[in-house]
There are 2 protein chains.
Amino acid sequence: MTDSTARVSPGVPGTRPTRQRRAVSEVLSSFEDFRSAQEIHTLLGQRGESVGLATVYRTLQLLADAGEVDVLRSEEGEAIYRRCSATHHHHLVCRSCGATVEVEGPAVERWTAGIAAEHGFSDISHTLEIFGTCPACS
Amino acid sequence: MTDSTARVSPGVPGTRPTRQRRAVSEVLSSFEDFRSAQEIHTLLGQRGESVGLATVYRTLQLLADAGEVDVLRSEEGEAIYRRCSATHHHHLVCRSCGATVEVEGPAVERWTAGIAAEHGFSDISHTLEIFGTCPACS
DNA sequence: AGATCGATGAGAACGCTTGTCAACTCGCCG
DNA sequence: CGGCGAGTTGACAAGCGTTCTCATCGATCT
Ligand SMILES: [Zn+2]
Ligand SMILES: [Zn+2]
Ligand SMILES: [Zn+2]
Ligand SMILES: [Zn+2]
């Protein structure tokens with residue numbers, strides 16, 4: 001406390017760059033579509049960069065908390081992950097091939113906020129995903 | 001087959017009116033909020049209308065397939081159910097007590113359709129749910 | 001009533017996710 | 001450079017929601 005230097009990074013959990021974290025991060029960067037934790041775990045094994053399943057889950061959670069990946073639930077309830085741009089957005093996903101397009105819409109953001117306020121709800125979050133068949137798959 | 005009377009109900013699976021199915025249906029009608037299958041199972045027990053957990057799941061699936069209940073996933077991935085109106089709508093759900101408001105918005109419907117068309121996607125569906133804290137829970 | 005076939009319930013099985021904990025690593029300091 | 005300490009890892013077990021299995025029950029039709 002009396003120390004003048006404010007070291008932030010070291011000493012703070014979840015900040016150490018390890019082989020495993022880099023590997024997970026790289027795999028995420030190499031895909032455009034949403035993938036489950038288990039798929040990522042398998043892919044890592046195939047690449048020869050074996051990483052424990054628990055570590056994959058932990059790393060994905062870190063990345064999600066840091067806002068570096070988007071998490072959403074497949075219709076079966078499985079969590080799927082994808083590296084996304086930092087700003088708030090939603091997704092247009094192809095049901096057949098998984099291709100994903102990030103979409104934005106100030107109008108929708110305003111609408112949800114308005115609806116929530118109108119009913120006195122606070123601390124709002126929302127999910128909005130669009131599913132369809134992409135041109136290539138039609 | 002050569003019989004002229006077209007009997008639909010008998011012989012078709014998932015159509016027999018039993019005590020258990022009526023019980024589940026009634027419990028659903030007595031609540032305004034989304035509830036998990038397990039909560040419904042517990043509630044049935046408390047009412048003295050004990051129903052097996054597997055049967056609760058089966059019945060909820062039947063009702064969902066028939067469009068009589070809406071199913072959505074809580075943020076933790078659990079499936080939650082609620083008897084809803086027949087027309088297309090979305091939900092404003094309290095994270096803490098489960099209180100639910102059905103909301104509609106032609107603007108949003110138009111927006112999603114527009115985005116999808118813009119990217120050449122066809123056969124569109126969408127999910128849109130708003131989560132927050134209701135006035136009573138603030 | 002008897003036959004038929006869907007429906008039920010108890011428990012096992014399943015798949016995804018999280019917890020446990022000893023061994024390990026990275027970064028730091030002497 | 002070697003040791004120290006806190007964060008990190010991995011194998012495994014445990015947790016949880018959901019589905020499956022199968023013997024038994026019961027609704028409907030004859
Ligand atoms: Zn496609
Ligand atoms: Zn949004
Ligand atoms: Zn509430
Ligand atoms: Zn809609």
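Note that these values count all heavy atoms, side chains included, but never hydrogens, waters or copies made by symmetry.
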Should the side chain of B:Arg58 and the base of C:dG9 be counted as holding a donor-acceptor pair, with the cut-off at 3.5 Å? yes
Here the distance between atom C1' of C:dA7 and atom CG of B:Leu60, to the nearest Å, is 15 Å
Residues B:Arg82, B:Glu102: salt bridge by 4.0 Å N-O rule: yes
Of the nucleotides C:dA7, D:dT18, C:dT17, which has the atom closest to the A:Ala79 side chain? C:dT17
Distance-only side-chain donor-acceptor flag, B:Ser29 / B:Arg83, under 3.5 Å: yes
Roughly how far apart are A:Thr100 OG1 and A:Leu92 CG, rounded to 0.5 Å? 8.0 Å
Between B:Thr55 and B:Arg58, do the side chains contain a donor N or O and an acceptor N or O under 3.5 Å apart? yes
A:Ser36 or B:Gly52, whichever maps to the more 5' nucleotide of DNA chain C: B:Gly52
Using atom CD of B:Glu76 as one end and atom P of D:dG17 as the other, report the distance to the nearest whole Å. 10 Å
Just how far, in rounded Å, is P of D:dG17 from CG of B:Leu72? 16 Å
Atom pair distance, as rounded to whole Å: CZ in B:Arg19 and C1' in C:dG9: 11 Å
Return no unless some side-chain N or O of A:Tyr57 is found under 4.0 Å from OP1 or OP2 of C:dT17. yes
Between atom CZ in B:Arg21 and atom P in D:dG26, what is the gap in whole Å? 15 Å
When the nearest nucleotide of DNA chain D is assigned to B:Thr18 and to B:Glu78 on a heavy-atom basis, which residue is associated with the more 5' position? B:Glu78
Residue pair B:Arg16/A:Pro17 against DNA chain D: nearer the 5' end by closest nucleotide is A:Pro17
Under a 3.5 Å cutoff, is there a donor and acceptor pairing between the side chains of A:Arg47 and A:Ser30? yes
Under-4.0 Å side-chain N/O to phosphate OP1/OP2 contact, B:Gln20 with C:dG9: yes
Can you measure B:His41 atom NE2 to C:dG11 atom C1' for me and round it to whole angstrom units? 13 Å
For the pair made of CD in A:Gln61 and P in C:dC16, what is the distance, rounded to whole Å? 17 Å
Base, sugar-phosphate or nothing for A:Glu39? Non-hydrogen atoms, less than 4.0 Å. nothing
Kindly point out which of C:dT8, C:dT17, D:dT18 is positioned nearest to the side chain of B:Arg73? D:dT18
Roughly how many Å is it from CG in A:Leu53 to P in D:dA13, rounded to a whole number? 15 Å
